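Down below is the structure, laid out as structure tokens.
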Amino acid sequence: MAGKRRKARRIALQSLFELDTVGHEPADCVSRIAKEASASKEIAAYAHELVNGVGENRKRINEIIEETAPAWPLDQIAATDRNILRLAIYEIVIDNKVPMRAAINEAIELAKEYGGDNSPRFVNGVLGSVSALVTADRG
């Protein structure tokens, strides 16, 4: 399932980026991008679940980003990095279907693939702060 989740995360990230920058309908974005990626129904369904989860919890997720990256106003974070963080924070804080370390590692891989030169380090730093908050809350 790990490979399927990775493909679903890529589709979800591309959809979230498009939603964030252009404002299209979530279901339309995910369906179109999943089709272009020749994703199975299972992968497309997981991508839809991720995008819907981020959308439904966007306010809380944005607050977490603002709390854990106070030097970076949300609108000044690159759209790619912002949406990688939203996706990972959804998986870590809200969804809890994958281990925290796996979600962080996947986010860093997405940052390497889609972000700028400093994206992996930035994403890792913010998610390190998120994981400390989560660990403190759960402990």
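Because the structure is a prediction, the values reported are computed rather than measured. Residues: numbered from 1 along the sequence shown.
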Are [Y] and [X] connected in a single hydrophobic cluster, I mean Ile/Leu/Val/Met/Phe/Trp/Tyr linked by side-chain heavy atoms less than 4.5 Å apart?
| X | Y | result |
| --- | --- | --- |
| Ile65 | Met100 | yes |
| Ile61 | Phe17 | no |
| Ile84 | Leu74 | yes |

Side chain proximity check, [X] to [Y], heavy atoms < 4.5 angstrom:
| X | Y | answer |
| --- | --- | --- |
| Ile104 | Ser131 | yes |
| Ser31 | His48 | yes |
| Glu49 | Lys97 | yes |

**OP:** Give a yes or no on whether Glu25 atom CD has more than 12 heavy-atom contacts from other residues, nucleotides or ligands under 6.0 Å away.
**Re:**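 No, CD of Glu25 has 12 or fewer neighbouring heavy atoms, counting only those of other groups under 6.0 Å.
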
Subject >> Residue list, salt bridge (Lys or Arg N to Asp or Glu O under 4.0 Å) with Glu109, at least two apart or on another chain >> reply: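 Testing Glu109 for salt bridge (Lys or Arg N to Asp or Glu O under 4.0 Å), a comparison that skips the adjacent residues, returns Lys112.
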
Original post:
Can you name the residues that form a salt bridge (Lys or Arg N to Asp or Glu O under 4.0 Å) with Asp20, not counting sequence neighbours?
Top reply: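 If we apply the salt bridge (Lys or Arg N to Asp or Glu O under 4.0 Å) test to Asp20, skipping adjacent residues, the hits are Arg58, Arg82, Arg86.
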
**OP:** Please name all residues satisfying side-chain hydrogen bond (donor to acceptor under 3.5 Å, both in side chains) with Glu18, sequence neighbours left out, ordered by chain then number.
**Re:**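 In terms of side-chain hydrogen bond (donor to acceptor under 3.5 Å, both in side chains), with neighbours along the sequence ignored, Glu18 is linked to His24, Arg32.
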
Subject >> Polar side-chain atom of Asn124 near backbone of Pro120 as donor-acceptor pair, under 3.5 Å >> reply: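 Side chain of Asn124 to backbone of Pro120: no pair is present.
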
Original post:
Between Lys7 (side chain) and Ala37 (backbone), is there a donor-acceptor pair under 3.5 Å?
Top reply: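 Yes.
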
**OP:** Report the residues that fulfil side-chain contact (heavy atoms from CB on, under 4.5 Å) with Arg60, sequence neighbours left out, ordered by chain and then residue number.
**Re:**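 Scan of Arg60 (side-chain contact (heavy atoms from CB on, under 4.5 Å), adjacent residues dropped) gives Ile64, Val93, Ile94.
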
**OP:** Report the residues that fulfil side-chain contact (heavy atoms from CB on, under 4.5 Å) with Pro73, sequence neighbours left out, ordered by chain and then residue number.
**Re:**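 Checked Pro73 against side-chain contact (heavy atoms from CB on, under 4.5 Å); matches are Asp75, Gln76.
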
Original post:
Looking at OG1 of Thr80 and CG of Leu85, how far apart are the two atoms once the value is rounded to the nearest 0.5 Å?
Top reply: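 Answer rounded to 0.5 Å: 11.0 Å.
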
Original post:
With sequence neighbours left out, what residues match Phe122 under ring-ring contact (aromatic ring centres under 6.0 Å, His included)?
Top reply: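 Trp72.
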
